[in-house]
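Chain identifiers are assigned alphabetically (A, B, ...) following the order of the sequence lines, protein sequences preceding nucleic acid strands; residue numbering begins at 1 within each chain.
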Number of protein chains: 2
Amino acid sequence: MASAHEQFRDLAWKCGLAATHQRQIIYEAVTATPGHHSVEAVFAEVRGRTPSISLATVYKNLRLFVEHGLLREVSPHSSMLLVEGNLEPHHHLICTRCKAVQDLDAADFVNFKKLARRAPRGFDLSRPLVEVFGLCRRCSAKT
Amino acid sequence: MASAHEQFRDLAWKCGLAATHQRQIIYEAVTATPGHHSVEAVFAEVRGRTPSISLATVYKNLRLFVEHGLLREVSPHSSMLLVEGNLEPHHHLICTRCKAVQDLDAADFVNFKKLARRAPRGFDLSRPLVEVFGLCRRCSAKT
DNA sequence: TCTTGGATTATAATAATTCTCGTTTAAGAA
DNA sequence: TTCTTAAACGAGAATTATTATAATCCAAGA
Ligand SMILES: [Mn+2]
Ligand SMILES: [Mn+2]
Ligand SMILES: [Zn+2]
Ligand SMILES: [Zn+2]
């Protein structure tokens, strides 16, 4: 069984990326726990292990990992960058008010055939992401 | 037939908002043409009529109109504020790469019963908004 | 070990948005 | 119509999230 360290070096090598210490711990900070991670949260985490790391490095490498498919950007339209390590196709349920994001693992509520018919010619829906907006329980309780 | 001017005064009165000149022209700038409007575009438009108006006033009032339901925020998660005057329930198709937004008027591709079953208890989906992400023709042509 | 190009850092810059606060104005009361 | 006053306005500063720059550092192959 390969260590997390070796696993990352292998992944990085496959993408032609240098396996630096900073990249190692940034990648681990995201993938060690499931769910959605903000840049600030990742930064706080990695700074614990390597205090000299800079926020720009975290931004740059999270974006790099997303580009190379090692991580996934949670919402491509979001006002703040969120990433996750779960690369399985899944969708999101988002609160309009507080912007909290949670996973919708089943996709059976979308008819992708009909959807494709509604999209304009040439629109690529081969890897679709669906985001559904509503009000989370907490926010809808606040009237 | 009421003039646009009178229509707005009536709407503002219903919401308990003062019908100021600035609000009038901001509202008209959005509702005069269909589609999605950025803050900058609205600002450019209203500045033509009232050069002394400030960007802050445009932001403040667009948000106020959205709060009161006079306008709709296109994507509640977007990195840039976009508003539209079309209050009919409809959904959006968004390009992951260039962030272009277009309307999806039919909602027949979503099974809202099944969706409700997938959402956690208490999540309010009474006025759901669905955003589907893919690649527009232009962006998917670029590899 | 040595070389070299990519990676990292501090810092500056930028873009979008919000805040602050003194001034002006809309709209109801007199 | 004039007065009063809370609400709205405008200018610019401040804030927040993010990206660009440029000098230094280091990972990895020769
Ligand atoms: Mn997710
Ligand atoms: Mn629309
Ligand atoms: Zn919420
Ligand atoms: Zn596009």
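- Mapping Q22(B) and Q22(A) onto DNA chain C by nearest heavy atom places Q22(A) closer to the 5' end of the strand.
- Contacts of L55(B) with the nucleic acid, taken as non-hydrogen atoms under 4.0 Å apart, include base atoms.
- Here the side chains of P128(A) and F112(A) are in contact, with some heavy-atom distance below 4.5 Å.
- Phosphate proximity of dT8(C) to T20(A): present, with a side-chain N or O under 4.0 Å from OP1 or OP2.
- A sub-4.0 Å separation between OP1 or OP2 of dA28(D) and a side-chain N or O of R9(A) is present.
- In this model, the phosphate group of dC9(D) is approached by a side-chain N or O of R23(B) to a distance below 4.0 Å at OP1 or OP2.
- Using a 4.0 Å heavy-atom criterion, one finds that A56(B) contacts the bases of the nucleic acid, with or without backbone contacts as well.
- If you check every strand for non-hydrogen atoms under 4.0 Å, L81(B) touches sugar and phosphate atoms only.
- Atom-to-atom, CG of N61(A) to P of dA27(D) comes out at 14 Å; the value is rounded to the nearest Å.
- Side-chain N/O atoms of H92(A) and S75(A) include no donor and acceptor closer than 3.5 Å.
- The existence of a salt bridge linking R118(B) and D108(A) is confirmed by a sub-4.0 Å separation between a basic side-chain nitrogen and an acidic carboxylate oxygen.
- Between L17(B) and K60(A), the residue anchored nearer the 5' end of DNA chain C, judged by the nucleotide with its closest heavy atom, is K60(A).
- Across all strands, T57(A) comes closer than 4.0 Å to base atoms (heavy-atom distances).
- Of all nucleotides listed (dT9(C), dA27(C), dT18(D)), dT9(C) comes nearest to the side chain of S52(A).
- For the pair R63(A) CZ and dA7(C) P, the computed distance is 17 Å after rounding to whole Å.
- Protein atom CG of L62(B) is 10 Å distant from nucleotide atom P of dT17(C), rounded to whole Å.
- One finds a side-chain N or O of Y59(B) lying less than 4.0 angstrom from the OP1 or OP2 phosphate oxygen of dT17(C).
- Taking the six-membered ring where the residue is Trp, H90(A) and H36(A) present parallel rings, their angle staying beneath 30° rather than reaching 60°.
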